[in-house]
Each structure stands twice: as C-alpha cells, then as structure tokens.
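Scroll down for the structure; my scribbles are underneath it.
None of the values given here were measured: they were computed from a predicted structure. Every heavy atom of this structure was used, including side-chain atoms; hydrogens, water molecules and symmetry mates were not.
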Amino acid sequence: MSNGFFKNPLFSDEVGDRRKPYCGNGQGYYNPREKCYDPCEKRCDPCDKHDCGWPEPCCCPCPWSCPPCCPSGVTGPTGPTGPTGPGEGVTGATGATGATGATGATGDIGPTGATGTTGVQGPPGVGSFSFFSNIGKQKVEPGYPVEFNQTTIPAVLPVDIDFIPPSQIVINSPGIYEITYYALPKYSNITLALYIDGIEVPLSRYTSSNCPGHVFGQTLLNVALAPAVIMLVNVDANDAWLGEGSLPNTINASLLIAKLTS
C-alpha cells in the first residue's frame, strides 16, 4: 500500500513486472486495456473472505475476479422457460399385472329351464293290491280250489296281477306279498291252504270251528320266480259248502293280495 493506494499483485515489481504509468492523476489500479492505472471510484474493505486472500483495501468496482473485493450483486430474476423439446419420450416398459380384484356380487337367478322328458315307469310300489270275492253258493270238493266270481264286485287288478277265472290268480313280478283269505262254510268245518304253482305254501293252513264258523287265514308269500299261479285250495277230507247269504250280494269267500316289496 503506497499513498493510500494498493499495488496490483499481478503487475507488481515482486513478480518481475515493471511499474506501469498511472492513468489520470496517477491514482488507481492498473487497467490492462489502457495499460495504466485507473483512479478508484470507491474504496472497499480488505479481501479477507475470498480464495485469493488479498489483505489490503482495494478499489471498487473490481476490474477482474481476483481479488474479488467487491460484494456480489443481487441475483437477477429467473429467465423465461425454454421451448419444449422435440417429439415425445420413449414409451416405458409394461408394468407388472395387478392383484386380482374382489369377487363381484351374485347375479340374478336365471329363468327356469325346460321340463325334461318323462322317465321310464318304475315297478309297482308298496301298497299295490288285488281283491277277489265270491257271491253265491258253491261246493268245493277236497283237493279243489275255491272259485271267485266278479260279476257284482269286480276285482282290483294292478299291472302285475292277472286273473284266470274261476280260480287262478297269476302274479307277474317277483316280490314279497301279504295274502289274507276268508270263507264261510255252511254245513261242516273245513280247512283251506294256499298253493303256488301246484305246491302248498308252508304255514298257510287255517281251519274253521263251531260250524258254521268262518275260516280266516293270513300269510306272507315270497315270489322268487314270476309268473306264479296262486290258488286257495280245500285240503280237508270233507266237501266245503259255501252257502248263500240271507241278504243279496253277501260274500262267502274272498282273497286279498297286497305287495309289500319288490
């Protein structure tokens, strides 16, 4: 520092440079363009906060960046946004598949479908039955069957039962049958039994007592092979006389067949 002014370090005697002439009144700093020292316009504080570390006061405004003795100016306003770049960007890769969404609400009930075709008719069910009866007097000799007529009270015949007058009942389908029979002898006690295909059914004999007491019999019959012919036979040694009733349409013999299982 000399006469209140500083020496420019870039052009000082210490770095081998010769003193250049001052500009104007000989006061100021060196101006490279004019090759002289210009007068200072303003004195500044020593440069103690910059990289160059210049310790002495200097003139403002500074002619070059080192030493940057003068304070920085206020930051100017942001410039206008530049134009949009050309074209669109490249499409990115497809993202991963998202999780399955929640189940939707149940839809409305659809219309009723068309009626299906009728199935094949099944075999006769439990409860099918047939009834046979006789009205009018008759004589049943030993070893012969009781006769049934259907002139006034017809028999009920399901599809699996046939009747061959006057005494043969034909069962057309296998199964277990319950058979109940009744007879009212007029002159003597009699014994009746069921026959299937000409053979007496075991445990099917029933006898009247205290003539003219009636005969009442009941048995179960397992028909394994069909068709099978059933008859109610007089197995007594005496003739069986079935008399007329005192009133019209009185039954003196009957037989009921009920099918229990197929």
Heavy atoms, side chains only, cut-off 4.5 Å: are [X] and [Y] in contact?
{"X": "I190", "Y": "N238", "answer": "no"}
{"X": "T219", "Y": "L194", "answer": "yes"}
{"X": "I135", "Y": "N252", "answer": "no"}
{"X": "V235", "Y": "P142", "answer": "no"}
{"X": "L192", "Y": "V146", "answer": "yes"}
{"X": "L242", "Y": "L184", "answer": "no"}
{"X": "L256", "Y": "I179", "answer": "no"}
{"X": "V170", "Y": "F163", "answer": "no"}

To the closest 0.5 Å, what do you measure between [atom1] ([X]) and [atom2] ([Y])?
{"X": "H214", "Y": "S208", "atom1": "NE2", "atom2": "OG", "value": "9.0 Å"}
{"X": "E244", "Y": "T250", "atom1": "CD", "atom2": "OG1", "value": "8.5 Å"}
{"X": "Y181", "Y": "L255", "atom1": "OH", "atom2": "CG", "value": "9.0 Å"}
{"X": "S133", "Y": "Y182", "atom1": "OG", "atom2": "OH", "value": "12.0 Å"}
{"X": "F131", "Y": "F148", "atom1": "CZ", "atom2": "CZ", "value": "9.0 Å"}
{"X": "I176", "Y": "T261", "atom1": "CD1", "atom2": "OG1", "value": "3.5 Å"}

Keeping the roles fixed (side chain from [X], backbone from [Y]), state whether a donor-acceptor pair exists under 3.5 Å.
{"X": "Q168", "Y": "I230", "answer": "no"}
{"X": "D197", "Y": "V229", "answer": "yes"}
{"X": "N234", "Y": "G143", "answer": "no"}

### Message
Please verify the inter-ring angle class for Y187 with W241; under 30° counts as parallel, over 60° as perpendicular, anything in between as tilted.
### Response
perpendicular
### Aromatic centroids of F216 and Y206 separated by under 6.0 Å
no
#### Entry: Verdict with supporting geometry, N189 and V215, side-chain contact (heavy atoms from CB on, under 4.5 Å)
CA-CA 9 Å; N189 292 323; V215 179; over 6 Å; no
### Query
Going through the checks in order, is the side-chain contact (heavy atoms from CB on, under 4.5 Å) test met by E200 and R205?
CA-CA 9 Å; E200 182 178 346; R205 287 191 177 197; 2.7 Å; yes
### Query
When you look at E147 and S167, which way does the side-chain hydrogen bond (donor to acceptor under 3.5 Å, both in side chains) test go after all the steps?
CA-CA 5 Å; E147 297 179 357; S167 59; over 6 Å; no
Are a donor atom and an acceptor atom from the side chains of [X] and [Y] found within less than 3.5 Å of each other?
{"X": "K259", "Y": "S173", "answer": "yes"}
{"X": "T207", "Y": "T191", "answer": "yes"}
{"X": "N134", "Y": "N149", "answer": "yes"}

### Message
If hydrophobic clusters are built from ILVMFWY residues whose side chains come within less than 4.5 Å, do V223 and F132 share one?
### Response
yes
#### Entry: Hphob cluster co-occupancy, M231 + Y177, side-chain heavy atoms under 4.5 angstrom
no
### Message
I257 vs I169, test: side-chain contact (heavy atoms from CB on, under 4.5 Å). Steps then yes/no.
### Response
CA-CA 10 Å; I257 299 178; I169 300 168; 3.7 Å; yes
### Query
Do you know the tightest heavy-atom contact between D239 and E141?
OD1-CA, 3.5 Å
